[in-house]
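The structure appears below as structure tokens.
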Amino acid sequence: MKLIVERSKPARAAAAYIRMSVFVLERGIAWTDEFDDKDSDEMVYAVLFDGKVPAATCRFETYDDQTLKVGRVATLKQSRGHGYGRKVVSALEDEAKEMGFSHSLIHSEMDAVKFYQRLGYEITSDVFL
């Protein structure tokens, strides 16, 4: 296992591979919706590699000057059930703490709520589209 948290073209490419596999091909989300203007050379990604294969990812978005917004959390289907999602989210949280952030939030799909609750997140808003 290798876990990186960085702002680089290789990290972005590895994250894109996972997100294309999970969100676009598996879940049927349009690639034009999945990949947005936030996916730039300035975005920080956490990527966990299982050998040479990128297996899980998420990205670091700034919500405000004290709050990290964890985004685009994804784990390849064949890599689920090993705690990889937890590892990439925790890596971003650790990075945020080092940068002086004191809070984090996640906008989640309903079927992922229990995963985030196991990580200590709480529901603080109504359902939105």
Side-chain angles (χ1 to χ4, degrees):
M1 292 291 145
K2 179 181 178 182
L3 177 62
I4 62 169
V5 178
E6 61 186 41
R7 179 182 289 125
S8 71
K9 286 184 182 4
R12 183 176 169 190
Y17 169 80
I18 297 165
R19 290 169 50 198
M20 178 66 80
S21 298
V22 173
F23 294 123
V24 177
L25 299 177
E26 182 183 331
R27 300 196 57 124
I29 295 171
W31 68 269
T32 52
D33 291 332
E34 175 54 29
F35 297 96
D36 56 26
D37 292 339
K38 294 177 185 175
D39 289 307
S40 71
D41 290 342
E42 298 305 310
M43 181 59 66
V44 174
Y45 298 92
V47 182
L48 180 72
F49 292 84
D50 185 357
K52 293 182 179 182
V53 178
T57 191
C58 58
R59 71 181 186 187
F60 187 117
E61 298 178 40
T62 301
Y63 183 75
D64 62 32
D65 62 348
Q66 294 185 21
T67 308
L68 157 71
K69 180 181 175 197
V70 179
R72 302 303 205 263
V73 180
T75 302
L76 292 179
K77 191 172 193 173
Q78 65 269 24
S79 299
R80 293 180 192 148
H82 301 287
Y84 297 169
R86 173 185 293 274
K87 289 180 182 183
V88 293
V89 171
S90 293
L92 279 193
E93 292 169 340
D94 291 345
E95 181 75 12
K97 286 176 191 172
E98 289 181 25
M99 296 171 64
F101 288 74
S102 57
H103 299 85
S104 63
L105 65 85
I106 295 175
H107 292 171
S108 169
E109 293 181 3
M110 292 302 296
D111 61 351
V113 168
K114 288 183 181 179
F115 167 74
Y116 294 117
Q117 287 175 324
R118 286 192 302 272
L119 297 181
Y121 287 85
E122 299 174 2
I123 298 172
T124 60
S125 69
D126 291 329
V127 174
F128 64 93
L129 298 177

Kindly indicate, with the supporting measurements, whether the criterion side chain to side chain contact (heavy atoms under 4.5 Å, CB included) is fulfilled by Tyr45 and Ile18. CA-CA 12 Å; Tyr45 298 92; Ile18 297 165; over 6 Å; no
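- Leu92 approaches Phe60 most closely through the heavy-atom pair CD1-N, 3.6 Å.
- Interatomic distance, Glu109 CD to Asp111 CG, rounded to the nearest 0.5 Å: 5.5 Å.
- Hydrophobic clustering (ILVMFWY, side-chain heavy atoms < 4.5 Å, transitive): Tyr121 and Phe101 are in one cluster.
- Taken together through direct or relayed side-chain contacts under 4.5 Å among Ile, Leu, Val, Met, Phe, Trp and Tyr, Leu48 and Met43 form parts of separate hydrophobic clusters.
- Linking ILVMFWY side-chain heavy atoms closer than 4.5 Å, directly or via other members, places Val73 and Leu76 in two distinct hydrophobic clusters.
- Looking only at side-chain heavy atoms (C-beta outward), Ile4 and Phe49 come within less than 4.5 Å of each other.
- Looking at Arg7 and Asp41, no side-chain N of the basic residue comes within less than 4.0 Å of a carboxylate O on the acidic one, giving no salt bridge.
- Exactly one residue among Arg72, Arg12, Lys9, Arg19 makes a salt bridge (charged side-chain N to carboxylate O under 4.0 Å, His left out) with Asp39. That residue is Arg19.
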Output, in order, the C-alpha distance, side-chain angles, deciding distance and verdict of side chain to side chain contact (heavy atoms under 4.5 Å, CB included) for Lys87 and His82. CA-CA 10 Å; Lys87 289 180 182 183; His82 301 287; over 6 Å; no
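- Minimum heavy-atom separation, Ala55 to Tyr84: CB-CD1, 3.9 Å.
- Around the CE atom of Met1, the shell of radius 6.0 Å holds more than 12 heavy atoms that belong to other residues, nucleotides or ligands.
- In this structure a side-chain-to-backbone donor-acceptor pair under 3.5 Å is missing from Asp50 to Val53.
- At least one donor-acceptor pair under 3.5 Å links the side chain of Arg80 to the backbone N or O of Thr75.
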Begin from the C-alpha positions of Val88 and Thr57 and carry the test side chain to side chain contact (heavy atoms under 4.5 Å, CB included) through to its verdict. CA-CA 6 Å; Val88 293; Thr57 191; 5.6 Å; no
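- For the atom pair NE2 of His107 and OH of Tyr116, the computed distance is 11.5 Å after rounding to the nearest 0.5 Å.
- Between Val44 and Met99 the shortest side-chain heavy-atom distance does not fall below 4.5 Å.
- For Glu61 against Gly71, the heavy-atom pair with the smallest separation is OE2-CA, 3.9 Å.
- With respect to Cys58, the side-chain contact (heavy atoms from CB on, under 4.5 Å) criterion is satisfied by exactly one of Ile106, Val5, Val70: Val70.
- The environment of CD in Gln78 is crowded: more than 12 heavy-atom neighbours from other residues, nucleotides or ligands sit within 6.0 Å.
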Run the side chain to side chain contact (heavy atoms under 4.5 Å, CB included) test on Phe35 and Val24 for me, step by step, so that the C-alpha distance in whole Å, both residues' side-chain angles and the decisive distance to 0.1 Å come before the verdict. CA-CA 10 Å; Phe35 297 96; Val24 177; 4.3 Å; yes
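- In this structure, NZ in Lys97 is found 8.0 Å from OG in Ser90, a value given to the nearest 0.5 Å.
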